[in-house]
Every structure is written in structure tokens, then in C-alpha cells.
Amino acid sequence: MKSRKTWLIVKGVLILLFTLIVFAYPTEDSFRRWLRFAMLTIFVVSFIIDLTRYKSNSDKP
């Protein structure tokens, strides 16, 4: 995507959607639970990194 702001919004919505799916359809399988947790953690960390880069680049004139 060309706009980083748009990409951050899309990524945030996808994280929210994935979180809702995790809570709406819980699993009893321990492996799947940890896999979902790892995926969500990776998505959130990448979102925070992208947001930090966006804020630091937007502060520059």
C-alpha cells in the first residue's frame, strides 16, 4: 500500500478481528492455543514497530 496510515488502520482492524475470532471460537487444543497466541503476538509487535516508525517519520519536517 502506498499510504502507511492506511496500512496501519488495516493492520489494526485485522488484529482486532483476529482477537475477536480467538475469543469467539476458543480451542481446547493446547498447540492451537499457543499458535494463536504466537500469531497474535507477532501481529501486535509488528503493528507497534510500524506505528513507532510512522510517528518518528511524521515528526520530521
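Residues: numbered from 1 along the sequence shown.
- The closest side-chain heavy-atom distance from K5 to Y54 is below 4.5 Å.
- Interatomic distance, CD1 of I9 versus CG of L14, reported as 12.0 Å (0.5 Å rounding).
- To the nearest 0.5 angstrom, K55 atom NZ is 10.0 Å from L8 atom CG.
- The neighbour count for F43 CZ, taken as heavy atoms of other residues, nucleotides or ligands under 6.0 Å away, does not exceed 12.
- Within a 6.0 Å sphere centred on CZ of R32, heavy atoms belonging to other residues, nucleotides or ligands number 12 at most.
- Of the inter-residue distances, the one linking I48 atom CD1 with I15 atom CD1 reads 8.0 Å to the nearest 0.5 angstrom.
- There is a path of hydrophobic side-chain contacts, each under 4.5 Å, that joins V44 to L35.
- In terms of heavy-atom proximity, F18 sits nearest to M39 at CZ-CE, 3.9 Å.
- Looking at heavy atoms from C-beta onward, D50 lies in side-chain contact with W7 at the 4.5 angstrom threshold.
- Between S46 and K11, the shortest heavy-atom contact is OG-NZ, 3.5 Å.
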